[in-house]
Amino acid sequence: MAAQNATHDSRTAPSPDGGDGIRDREIRTEQAHLDRVYRRLEEKIHEAEFLMDDAAKRGQVGTPGALAERDAQVFRAGVHLNRLNSEFEDFLFGRIDLLLGKDGERGPDGAYTSVEPADDAIRSGEDGDRAEIAETLHIGRIGVLDADYTPLVIDWRAPAAAPFYRSTPVAPGRVVRRRVIRSKGRRVLGVEDDLLRPELSATLDGGALPVVGDGALMAALGQARGHTMRDIVASIQAEQDLVIRAPAASVTEVEGGPGTGKTAVALHRAAYLLYQDRRRYAGGILVVSPTPLLVAYTEGVLPSLGEEGQVAIRAVGSLVDGAEATTYDDPAVARIKGSSRMHKVLRKAARGALELPRGGRPGAGPGERPGGPPERLRVVAFGARVELEADELCRIRHHALGGTAPVNLLRPRARRLLLDALWARSGAQRRYTDPELAAEAREGFDEDISSEDAFQEFLEGWWPELSPRSVLAAMADEKRLGRWSRRVLNPRETRLVARSLTRLGGDGQGPLSVHDVALLDELQTVLGAPARPAAPREADPLDQLTGLEELTTHADRTGRRRGRADRLERERADYAHVIVDEAQDLTPMQWRMVGRRGRHATWTVVGDPAQSSWSDPDEAGAARDEALGTRPRRRFTLTVNYRNPAEIAELAARVLALAMPGTPSPEAVRSTGVAPRFAPGENGDLGTAVRAEAVRLLGEVDGTVGVVVAMNRRKQARGWLDGLGGRVMALGSLEAKGLEYDATVVVSPAEIADESPAGLRVLYVALTRATQRLTVVSGERDEPDAHGIPDLLRD
Ligand SMILES: Nc1ncnc2c1ncn2[C@@H]1O[C@H](COP(=O)(O)OP(=O)(O)OP(=O)(O)O)[C@@H](O)[C@H]1O
C-alpha cells in the first residue's frame, strides 16, 4: 500500500548514538539553514524598500513619463514588500537528501531533475552498498532562491518537491532520507526522519547520515483536534500526492472511505493547481462543501498554504447569492425536492406564475402580486379605442411562452406580439397599399402605443418580472402546485412540498432549507435575469505581475485576498475549476445547480458512496454524469484511514457491512488500544447518560468532543450539554459530515438509522468521526446485549 509505505512502513534505522545528542545537533543544523533563509528574506525586504524609495525620488522629476515610471515602480515594490513583510510562520517543513541524479541536469528551481539515481551513485563493497549524498533540498510553503540562484527553499508544489511525498521504501528513487522539520516562527523545534534506503550506508559531507525519530505521520495523527482542520503539507502520503498533482485536464474522481484524507487532498489540490497555472485559475476555483460547519472547519487550510484569493469555499446551501439555507427538510420532503423530477415542476411553475392572481386583497395566496393581472388591454390608436380581450391575451401569452427561453427574457417578445395584435385589430393595415408606407406607419404606431402609460402599466402587470423566491412561495398553494406538478408528483408528494414551502411566507422571504436553494437556482435559470449593463470587472493588479514567483510569501498570496475572495464570490457564476467534496451527498437538483457553475471548468470530485445520505444513488449518478458531461475522467482510490484508530474502524465496519454489503473498509493506520465504550441511556433518561459520557470524554482527551444525535434531537442535545464549555458540541447526524473530533458520543444508533432510507450510511458517518475515543449510548429503540452493544453494532 503506497500510502503506508511512504512513512509508516519505512524502516527507520536507529540513530548512530541513539541519543538526544544527535537530535540536538540535527536541530542546530536545520536552525542554521533557517537562519540563512531569514537573512535572505531580509535582504529582499531591503531591496524592495530601496526600490520604493528610489521610485519616490523619481516622482520629483515631474515629467509625465517619469511619473508613469514611478507609479509602476512604486506599485511593483509595494507588492513585493507586502509579500515579504508578513510573518514567515512555520514555512520550512521538509528536507530530502538525494543521491546523484542520472543526467545531472537542473530544472528552473535549481534542483536536479532526474528521479532515478545515476548508475554509479551506489558503490558495492564487501560490507554492503555505499553512497554519498549528492544533493539536499529543503521544502517549504514558499520558494526562496539565494542571491546566486541556488534554491534555499523549494515550494512544496514544485516538481522538485514531489519526491518528498512520492518516494517510498519500495520505490525510493534518489531519496535516501526524508526529514520533517517542525518549526515555529524563526525557531526549529524538532526533526523526524524516515530512511527510505535503509540497506545503504550513506554519507553526508564525509560523515554517516544521521537519522532521528520515528517518522512524522504518526506524530501528526496523534495530535489533539481543534475547531479547524490543519494542513497536511508536511506528511502528504504517496497515494494522496498522486491525486494532488494529477493533471487538471477534465475530471479527476477520488473515492475513499472515511478518514482517507479526501477533503485534505482536495484542498491541497486547489493550492497545487493555483501554483501550477495561476493565470488559468484566475478564473476562480469553487469548492462545494456539504455544510456550513464543514466550510468553517476547513476554511483555514488554504490560507495556511498561502492560497485563498482565487478559491471560494461554499456550502451547497449557500451557492446562490443572497440565499442562505438555515434549515433542513424532513427526509421525506428532501427526497422529493432533491429529485430531478422537480425541474419539470419548476418549469411549469415559472410559466404558470405569470397568470397568478395578485395579492393585496383578501384571499390572496402566498407569492401573489398586488393588483391582479389585467384581463383586457385598452389603448387609443388613430383616435379610436383598440382593445384586446382575455381570450386574445391568453392566446398571445401562450404563443409568447412557446419554446424554452427564460420567462423574464420573453417580455420583449410578448410586447411585440401585443403590438402585432393591436395593429391588426386597429384595421390600419388595410389603409396602406404601399408596403413602404405601411411599414412606416407601423413603426409610428409601435412608438406611439409603447410610450402610452396605459400600455406600459398593462405590460408591467401582465408580464411582470418574476423573482425565484416569489415563484417558490407561490408553490406553497397546494391546489396551484397540483396543477404545476400534474403527472410528475403524486398528490401526497405535492402536499408535502407545498406544506414545507409555507415556511417562506407570502413574500417568499422566510427561511430557506438546503434543498430550497437548489430549487431557487433552477428557477433563476428558467426565469432568467433581464439584461442589465454588466459591471466592469475591476482589473486585478496581481494578475498583471510576472517575474516575482521566485519569492512568494503568505503576504504575497494573502495580501488583498479578502477583497479578492469577496469579489470572486459575488461575481462568479462560472469557475475555472470546481471541487466537489462529499460528492456522494449531492441530490440530482444540487448536481444541476453545481453543474451550472462549472460548464467550462475542469473538475475534482471526491466522495464515498458508503457515506451517502441520498436515497437514490442511480438518480444522483445520472445527474452527476449530466453535470460532468462527456469529459474524460480519471479515477483514484484512497485506501488508508488516517482518522480512526483500528478499534473504532472495526466497529464502524460492522455497520458498513449492513449498509453496503461487500464494500471494503479502509485500513486504519494506527491503534490506541482503547475499545469503544457502550453505555445505556439510563432508565430512559438519555440526557443524563449522554452528559455523563461527554464529561468523561472531556477528561480523557485534550481536544474536542462531538455528540452526534438524530436530526430531530439537536436542540434537546444542546440542552443536555449546557454549561460544559466550548470543547464539546452537539450536532445532528447530517451535520457531522466531514467533521472530526478527538472523541465522539454517538447517541442511539437505531434512531439515526431509522431517520431516513439512507439511515445506515448516515450512522456509518457518525461512527467514523473520532480520532481517539468513541462512546455509543443506546436509546429506547436500540436493543443492547449484556455488554450494552446495540443490535446494529453487533458482530
Ligand atoms: N497524509 C496525512 N498526514 C497527516 N494527517 C492526515 C493525512 N491524511 C489525512 N490526514 C488527517 O486525517 C483526517 C481525515 O482527513 P479528511 O477529513 O480529509 O478525510 P476524508 O476522507 O475527507 O474523511 P470523510 O470521508 O470521513 O469526511 C484529517 O484529520 C486529516 O488531517
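Fair warning: this is a prediction, and the values are worked out from it, not measured in the lab.
Using a 4.5 Å heavy-atom threshold, the side chains of Glu783 and Leu792 count as separate. Ser289 has its side chain within reach of Val295: a pair of non-hydrogen atoms, C-beta onward, lies under 4.5 Å apart. Counting only heavy atoms from C-beta outward, the side chains of Tyr297 and His227 never approach each other to under 4.5 Å. Residues Val471 and Pro468 are not in side-chain contact: their nearest non-hydrogen atoms beyond the backbone lie 4.5 Å or more apart. Proximity of Val517 to Val316: side-chain heavy atoms (C-beta onward) are nowhere separated by under 4.5 Å. Residues Arg483 and Lys348 form no side-chain contact, since every pair of their non-hydrogen atoms from C-beta on lies 4.5 Å or further apart. Taking 4.5 Å as the limit, some side-chain heavy atom of Val311 sits within range of a side-chain heavy atom of Val287. At a threshold of 4.5 Å between non-hydrogen side-chain atoms, the residues Phe678 and Leu651 count as touching.
Ion pairing between Asp742 and Arg773 fails under the 4.0 Å rule for side-chain N and carboxylate O. Under a 4.0 Å N-O distance rule, the pair Asp625/Arg633 qualifies as a salt bridge. We find that Asp330 and Arg335 are not joined by a salt bridge, their nearest charged nitrogen and carboxylate oxygen being 4.0 Å or further apart. Using a cutoff of 4.0 Å between basic side-chain nitrogens and carboxylate oxygens, Asp516 and Lys337 are scored as salt-bridged. Between Glu493 and Arg341, at least one side-chain N (NZ, or NE/NH1/NH2) sits under 4.0 Å from a carboxylate O, which counts as a salt bridge. Using a 4.0 Å cut-off between charged side-chain N and carboxylate O, Arg769 and Glu740 make no salt bridge.
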After noting the C-alpha distance and the side-chain angles of Tyr764 and Ser612, does the key distance pass the side-chain contact (heavy atoms from CB on, under 4.5 Å) rule?
CA-CA 10 Å; Tyr764 179 54; Ser612 172; over 6 Å; no

Run the numbers on Val526 and His343 for side-chain contact (heavy atoms from CB on, under 4.5 Å), then give the verdict.
CA-CA 9 Å; Val526 286; His343 90 262; over 6 Å; no

May I have the step-by-step check of salt bridge (charged side-chain N to carboxylate O under 4.0 Å, His left out) for Glu751 and Arg781, ending in yes or no?
CA-CA 7 Å; Glu751 270 187 20; Arg781 286 199 229 167; 5.2 Å; no

For Thr252 and Phe636: C-alpha separation, side-chain torsions, deciding distance, then whether side-chain contact (heavy atoms from CB on, under 4.5 Å) applies.
CA-CA 8 Å; Thr252 306; Phe636 294 87; 3.6 Å; yes

Stepwise side-chain contact (heavy atoms from CB on, under 4.5 Å) test for Glu255 and Val606:
CA-CA 6 Å; Glu255 275 194 8; Val606 311; over 6 Å; no

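Remark: side-chain polar atoms of Arg713 are not paired, donor with acceptor, to backbone N or O of Ala717 under 3.5 angstrom. Between the Trp603 side chain and the Val605 main chain, no donor and acceptor come within less than 3.5 Å of each other. Counting only distance, with no hydrogens or angles, the side chain of Gln590 and the backbone of Thr587 share a donor-acceptor pair below 3.5 Å. When atom types are taken as modelled, the side chain of Arg495 and the backbone of Asn490 share no donor-acceptor pair closer than 3.5 angstrom. Listed for the Arg714 side chain is no donor-acceptor partner under 3.5 Å among the backbone atoms of Gly732. Of the possible polar contacts, one joining the Arg643 side chain to the Thr768 backbone as a donor-acceptor pair under 3.5 Å is found. In this structure, Lys737 contributes its side chain and Gln611 its backbone to a donor-acceptor pair below 3.5 Å. The backbone N or O of Ile232 lies less than 3.5 Å from a partner atom in the side chain of His268, making a donor-acceptor pair. No donor-acceptor pair under 3.5 Å is formed between the side chain of Asp581 and the backbone N or O of Ala266. Between the side chain of Ser467 and the backbone N or O of Ser470 there is at least one donor-acceptor pair closer than 3.5 Å.
How far CD of Glu647 is from CD of Gln772: 11.5 Å, rounded to the nearest 0.5 Å. The CG atom of Asp585 sits 3.5 Å away from atom OG of Ser613, with the distance rounded to the nearest 0.5 Å. Rounding to the nearest 0.5 angstrom, the gap separating the CG atom in Asn644 from the OG atom in Ser671 is 12.5 Å. In this structure, CG on Leu731 lies 9.5 Å from CE on Met711, to the nearest 0.5 angstrom. Expressed to the nearest 0.5 Å, how far CG of Leu763 lies from CZ of Arg654 amounts to 12.5 Å. Between the CG atom in Leu767 and the CD1 atom in Ile648 there is a gap of 9.0 Å [rounded to 0.5 Å].
Donor-acceptor pairing under 3.5 Å is recorded for the side chains of Glu755 and Ser733. Looking only at atom types and distance, the side chain of Glu522 has no donor-acceptor partner in the side chain of Gln524 under 3.5 Å away. Checking Glu478 against Thr494 by side-chain atom types alone, no donor-acceptor pair falls below 3.5 Å. If you check the side chains of Ser513 and Asp329, you find a donor sitting under 3.5 Å from an acceptor. In this model, no donor atom of one side chain and acceptor atom of the other lie less than 3.5 Å apart for Thr704 and Arg727. A donor-acceptor pair shorter than 3.5 Å can be found between the side chains of Asp782 and Ser748. Side-chain contact, Ser339 with Glu619: a donor N or O sits under 3.5 Å from an acceptor N or O. For the residue pair Thr291/Glu735, the side-chain donor-acceptor check at 3.5 Å is not satisfied.
A pairwise comparison of heavy atoms in Val777 and Pro749 identifies O-CD, 4.0 Å as the closest pair. What you find for Ile244 and Arg269 is that their closest heavy atoms are O-NH1, 3.2 Å. Closest non-hydrogen pair, Ser665 versus Ala653, comes out as OG-CB, 3.7 Å. In terms of heavy-atom proximity, Leu319 sits nearest to Arg597 at O-NH2, 3.4 Å. When all heavy atoms are compared, the tightest approach of Ala766 to Val708 is CB-CG1, 3.8 Å. Scanning all heavy atoms of the two residues, the minimum distance from Gly256 to Lys262 falls at O-NZ, 2.9 Å.
For Glu700, the CD atom is densely surrounded, since the number of other residues' heavy atoms within 6.0 Å is greater than 12.
Results of the side chain to side chain contact (heavy atoms under 4.5 Å, CB included) test with Thr298 over Leu293, Thr263, Thr228 single out Thr263 as the only residue that passes. For the pairing with Arg691, the side chain to side chain contact (heavy atoms under 4.5 Å, CB included) check across Val745, Asp685, Leu686, Leu724 returns one residue only, Leu724. For the pairing with Val265, the side chain to side chain contact (heavy atoms under 4.5 Å, CB included) check across Glu239, Gln240, Gln237 returns one residue only, Gln240.
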